Amino acid sequence: MCGIVGYVGPKDGVGIVLDGLRRLEYRGYDSAGISAVRDHTLDSVRAVGKLKALEAKLTSAPIHGSPVIGHTRWATHGVPSEANAHPHTDDALAIAVVHNGIIENYLELGAMLRATGVQFRSETDTEVIAHLIRHYYRGDLFAAVTRALQDVRGAYAFGIVSKDDPGVLIAARNGSPLVIGVGDNEHYIASDATALIKYTRRVMYLDDGQAAEIRADRTAIHDLNGKLQSLEVKTVDWDLAMAEKGGYPHFMLKEIHEQPEVIRNVLRGRVAANGADVALDDIKLAPEILVKCPRIFIVACGTAWHSGLIGKRLIESIAKVPVEVDIASEFRYRDLLLPPGSVVIPVTQSGETADTLEALRAARRAGATILSLVNVQGSTIARESNAVLPLRAGIEMGVASTKAYTAMVAAFALLAIHLGRLRGSLAPEAAGALLSDFLRIPDKIAACLANQRTILECASDPRFRDAASALFLGRAYNYPTALEGALKLKEISYIHAEGYGAGEMKHGPIALVTDKLPSVFIAPQSATRDKIVSNMQEVRARNGVILAIATEGDAGIAAHAEKVVYIPPCLEPLSPLLTTIPLQLLAYHISVNRGCDVDQPRNLAKSVTVE
Ligand code: F6R
């Protein structure tokens, strides 16, 4: 959802800001722009399309300076066009603004400004801010910005510069993420810290309602009433290698291959020496809250929501605590009947998803304890939670989530075992069996990754690669895997795909089955394996083409499918950690074979910070 980068210091900031934008391009990529202040002049360059288009323009007509602000856009108001690309400027071309978020009252503010003679040049909600700052400008940029923000309703992260205030970079935040990077006699701003780790790991996370006046050698942070605030400087523990492709053609493929290591990280130090208990000391939540909680509510979006559906099964079957799972954007609009003592678990890779954040806030207002599963530490959701279970997946750059998803599922499995042991609903022997199988999962994921032949065949088989539509079917723990497999395929290859409970297929979707509709059945060894095979027969009887994901040694399944991918055996509750791997690879290779942009699929953004 739009990426912002800024620099102020003794160097020419244009290259630094462009480099940061490259790392943020996953947030939005329909247009980009940059503004630089030099010798009381303001130069701006904007271009439609990916960052490459902006880079090409800057090569033929370079600009230089400091401070510099840059932006990569994911359109909310107005089509992707040069006029709508950021930075936006005032009539005098003196003040430049980059923005992530939505200004709700931009029409009202625009009407007020038009009445004073202001001419608008774009269809965006952002341009109004540049004019509004000019409206209040009396020789002090920071004072004009804080005054203007008092009129603004909505969500924003801003970076602002002016040719009349050289040496000053202004940042402000309300509802959209923004970090300030602290360098040696230089400062940076960015929508997330990944844009800055090449330059500094020391960051300050701006809070809602704060604005910062940033110079090379100092930063002053105020609330919108002008009261001085202090912010702690934190150190980010990610390194640059995590934000690079490391020899893989796409971030998504790199991240798929990182999953054995990610699951090792999720488990590291969290299996107690007795092999039957889970040590989740990093949660920092009084155990009584987990022991006494009558009901758990999981809230998340997209892929994270799929992990929550598996989390429900894990917690209910292992810890015997009732769980409800909601899509975050629905949760906040229902009557929240949360029994006293309820725990709400928001699940999120970015920690910035607006719907999940608002669900968290609604749950807090309703009196629940918030225990989040979050990948990006320091993110808004992490900071607004009572407690956090860190996912430890490292930076995820591919827009289609892969390693963060398996980290979420693994974290839910650990949490379920932890709850079961704390509440006495899981015997030590059963916990020990689960944990010893769990410790072998990373090697089993590696085995799935080493076995790509059948997936590659399917991905180049026209019946799969050129299909207009596909079905993904699974039951029990692997019903959410079916939803996730379908989501991965549709988001990166643009093939319409539906995930269904395999038992539900005969209640409608079977009408779609012909020899033109491929079905992917997720059918590992499980209590429902035989039932799934019956569902496969129903599809075969209608000439449907089937790819099955089954467990090694299941000799019977090949008779019911065109192709079978075998995964190593494991306990059923942990099976989604393996079955999802071939589905990620299938989506990836089909996308590549169809010539799609794997890491930056159309219309999507990695971090969805608007509701
Ligand atoms: C799909 C995908 C999205 C995200 C969703 C939530 O591959 O990545 O569906 O899962 O936008 O994002 P987070 O986890 O950042 O809250």
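Heads up: numbering here begins at 1 and tracks the sequence. Keep in mind it's a predicted model, so treat the numbers as computed, not measured. As the structure lists them, so they are numbered: ligands from 1, and atoms in each ligand from 1.
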(Q) Quick one, S31 and N84 - any side-chain contact, counting heavy atoms below 4.5 Å? (A)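 They are not in side-chain contact.
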Within a distance under 4.0 Å of any heavy atom of [X], pick out the atoms of ligand 1 and give their elements.
{"X": "A400", "value": "7 (O)"}
{"X": "S401", "value": "7 (O), 8 (O)"}
{"X": "S350", "value": "13 (P), 15 (O), 16 (O)"}

(Q) Can you tell me how the ring of H86 sits relative to the ring of H71, calling it parallel under 30°, perpendicular over 60° and tilted otherwise? (A)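 The rings of H86 and H71 lie parallel, inter-plane angle below 30°.
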Q: May I ask you to check whether T356 has an N/O atom sitting below 3.5 Å from an N/O atom of ligand 1?
A: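 Among all N and O atoms of T356, none is under 3.5 Å from an N or O of ligand 1.
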Q: Indicate, with yes or no, if the rings of Y188 and Y199 have centres closer together than 6.0 Å.
A: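 Yes; Y199 has its ring centre under 6.0 Å from that of Y188.
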Q) Using the benzene-type ring in the case of Trp, are the ring centres of Y156 and H99 under 6.0 Å apart? A)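 Centroid separation for Y156 and H99: 6.0 Å or greater.
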Q: Please determine which of S526, P524, C570 meets the side-chain contact (heavy atoms from CB on, under 4.5 Å) test together with T579.
A: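 Testing T579 for a side-chain contact (heavy atoms from CB on, under 4.5 Å) against S526, P524, C570 leaves exactly one candidate, P524.
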(Q) Test of understanding: given a 4.0 Å heavy-atom threshold, classify the contact between V399 and ligand 1 as side chain, backbone, both, or neither. (A)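 For V399, only backbone atoms sit under 4.0 Å from ligand 1.
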**Q.** Sub-4.0 Å heavy-atom contact, K488 with ligand 1
**A.**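 So K488 counts as touching ligand 1.
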**Q.** Residue pairs, two or more places apart or on separate chains, that pass salt bridge (charged side-chain N to carboxylate O under 4.0 Å, His left out) and touch residues 194-203
**A.**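 For residues 194-203, and leaving out neighbouring residues, the salt bridge (charged side-chain N to carboxylate O under 4.0 Å, His left out) pairs sorted by first residue read D19-K198.
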(Q) Please compare N375, T303, V376, L357 and report which has the shortest non-hydrogen distance to atom 3 (C) of ligand 1. (A)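 Considering heavy atoms of N375, T303, V376, L357, the nearest to atom 3 (C) of ligand 1 sits in T303.
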